[in-house]
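Here is the structure we will look at.
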Amino acid sequence: MPLFTWSEAFPPKSSFTENQIPDQQGRVFIVTGGSSGCGYETAKAVYNLNGRVYIAGRSAKNAEEAIQKIKSSPAAPHSTVQRGKGSLHFLKLDLNDLGSIKASVNEFLSKESRLDVIWHNAGVMGAPDGSTTVQGFELHLGVNALGPFLLQHFLMPICLKTARHPDATLNTTRVIFVTSAGHRGSPKPDGVNWSDVNTETSTGIRASLHKYGQSKAMNVMHAHEIARRYGPQGVISLSLHPGSLKTNLQRYQSGLFKTLTSPLLYDQHYGGLTELFAGFNMEITDTNMLENGGKNGSYIQPWGRWGEGAPHVFEGLAKRKTGERLWEMCEDILKEWM
Ligand SMILES: NC(=O)c1ccc[n+]([C@@H]2O[C@H](COP(=O)([O-])OP(=O)(O)OC[C@H]3O[C@@H](n4cnc5c(N)ncnc54)[C@H](OP(=O)(O)O)[C@@H]3O)[C@@H](O)[C@H]2O)c1
């Protein structure tokens, strides 16, 4: 199966713009990996919409540089929002170290009593064979999937509390997972290699695509499962492919590969737009699940359009309860750190 649909690789011009998003004053947001790439664009836009934004990442220096850059950059024009009431904060978060995630959440909870939208945006791609997290998990699995699952586990109570808040309308408390069209390359039949999720034995380019693809399929499945479990309590959860973008994500790729693929990559601003669509579009009028005719648990494609994810992953979710199975597997793997 190709890793991208035509429409994912060459998206049409977006009809969604920042101008459609109302003032976010009084609302609180987390963007993991918001120091660079599309997370940076999301953090910048939400700050300029007057939101209180936490850039969660492992480097305070990178985050502080991003914060200064955002503050000194001009905001895109907006017809109704008066700028200047947003705030930007650094939240220490290392998804590479499961043992540190609870402390990051406690730090956040010591400062805030609500969380309106979180973008699980931080990620790695194409890391060399044998790369592992502090606890020895394969790096893509650990940083892209297990870390975000654990982070969300600790944050779920504040998301649910926010969804109950009198000023939260039905569709505004959201948990967004930045996946990738690369989830199409995840293992068959379900997107997850159930018997060897840590993919310890596989090496080479094909295995690398599987490792990234599996971690990104897990993002899609986690979004769907959060929507299924917590939709009735007012939480919307979506996954999105931000587009093929020129960012630091290509850090592990060879110079030749970068040169060859560069003409096919878009500016990171468009990835931010896709993230904003997931976080703020008002086309979701209820919390009904995708397979029941609603939009909760859906997959979004660039630059902010409802899309169809990999058929094998979504068939597994709808027909084989793979979202529940993955949830239970992650809880079991992570019980030591929960
Ligand atoms: N660019 C694309 O073409 C593309 C396509 C499909 C999907 N995506 C997805 O989009 C998301 C954002 O990527 P991007 O393209 O914007 O690349 P990026 O600029 O490299 O952003 C990734 C962010 O994740 C952070 N991160 C990495 N490891 C981390 C860890 N252990 N703990 C906390 N933060 C960590 C990075 O921080 P450091 O600077 O500290 O490493 C960086 O800020 C990723 O999930 C990626 O898979 C991107």
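Read the numbers this way: they start at 1 and go in the same order the structure lists the ligands and their atoms. Heavy-atom basis, side chains included; hydrogens, waters and symmetry copies ignored.
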Does K102 make a cation-pi contact with W337, if we ask for NZ or CZ under 6.0 Å from the ring centre and within 45° of the axis? no

Looking at K211 and D129, is any side-chain nitrogen of the basic one under 4.0 Å from a carboxylate oxygen of the acidic one? yes

Report, as yes or no, whether the 6.0 Å neighbourhood of atom CD on E324 holds more than 12 heavy atoms from other residues, nucleotides or ligands. yes

Taking 4.0 angstrom as the limit and counting only heavy atoms of A122, give me the atoms of ligand 1 inside it, by number and element. 24 (O), 25 (C), 26 (N), 34 (N), 35 (C), 45 (O)

Per-atom contacts, ligand 1 versus L93 - under 4.0 Å to a heavy atom: 32 (N), 33 (C)

S244 neighbourhood, listing ligand 1 atoms whose heavy-atom distance to it stays under 4.0 Å: 3 (O)

Atom 20 (O) of ligand 1 has as its nearest protein heavy atom L249 N, 3.2 Å

Distance under 4.0 Å to a non-hydrogen atom of G33: what atoms of ligand 1 satisfy this? 23 (C), 24 (O), 25 (C), 43 (O)

Any idea which protein heavy atom is nearest atom 3 (O) of ligand 1, and the distance to it? L245 N, 2.8 Å

Closest protein heavy atom to atom 32 (N) of ligand 1, given as residue, atom name and distance to 0.1 Å: L95 N, 3.0 Å

To the nearest 0.1 Å, how far is atom 15 (O) of ligand 1 from its closest protein heavy atom, and which atom is that? T247 OG1, 2.6 Å

For T179, which part has a heavy atom under 4.0 Å from ligand 1: side chain, backbone, both, or neither? backbone

Between D94 and K92, is the closest basic N to carboxylate O distance under 4.0 Å? no

Does even one non-hydrogen atom of S59 get within less than 4.0 Å of ligand 1? no

Does Y212 approach ligand 1 within less than 4.0 angstrom via side chain, backbone, both or neither, non-hydrogen atoms only? side chain

Note: ligand 1 atoms sitting under 4.0 Å from heavy atoms of V178 are 9 (C), 10 (O), 11 (C), 45 (O)

Ligand 1 to G37, heavy atom cutoff 4.0 Å, flagged ligand atoms 16 (O), 19 (O)

Touching ligand 1 at all, K246? Heavy atoms, strictly under 4.0 Å? no

Aromatic rings H89 and Y54: how do their planes relate, parallel, tilted or perpendicular, breaks at 30° and 60°? parallel

Looking at atom 11 (C) of ligand 1, what's its closest protein heavy atom, distance included? N121 O, 3.0 Å

Where do V81 and N48 come nearest, in terms of heavy atoms and distance? CG1-O, 4.0 Å

Salt-bridge test for R114 and D167: reply yes if a basic N is under 4.0 Å from a carboxylate O, no otherwise. yes

In the structure I gave you, are the side-chain heavy atoms of L49 and H78 within less than 4.5 Å of one another anywhere? yes

among protein heavy atoms, the one nearest atom 22 (C) of ligand 1 is G123 O, 3.7 Å

Less than 4.0 Å is my threshold; does some heavy atom of N62 fall inside it relative to ligand 1? yes

Would you verify whether the NZ or CZ of K13 falls within 45 degrees of the ring axis of Y270 while also being under 6.0 Å from that six-membered ring's centre? no

Check E65 with K61, please: is the shortest side-chain N to carboxylate O separation under 4.0 Å? yes

Judged on heavy-atom distance to atom 19 (O) of ligand 1, which of G57, S36, A127, C38 sits nearest? S36

Ligand 1 contact on Q268 by region, counting heavy-atom pairs under 4.0 Å: neither

Atom 36 (C) of ligand 1 has as its nearest protein heavy atom R251 NH2, 4.0 Å

Are E225 and R228 within salt-bridge range, i.e. N to O under 4.0 Å? yes

Do the side chains of D116 and R174 get close enough for a salt bridge, i.e. N-O under 4.0 angstrom? no

For atom 41 (O) of ligand 1, the protein heavy atom that lies nearest, with its residue and separation: R58 NH2, 2.6 Å

G243 heavy atom under 4.0 Å from ligand 1: yes

Relative to each other, are the rings of W303 and Y266 parallel, tilted or perpendicular (30° and 60° limits)? perpendicular

Going by the 4.0 angstrom heavy-atom rule, the piece of M125 near ligand 1 is neither

Could you pull out the closest heavy-atom pair between A63 and F90, with the gap in Å? CB-CD1, 3.2 Å

Under 4.0 Å from any heavy atom of H241, which atoms of ligand 1 are there? 5 (C), 6 (C)

Atoms of ligand 1 close to D94 [distance to a heavy atom under 4.0 angstrom, numbered from 1]: 30 (C), 31 (N), 32 (N)

Would S35 count as being in polar contact with ligand 1, using the rule that some N or O on each side must be under 3.5 angstrom apart? no

L265 reachable from L240 in the ILVMFWY side-chain graph, under 4.5 Å edges: no

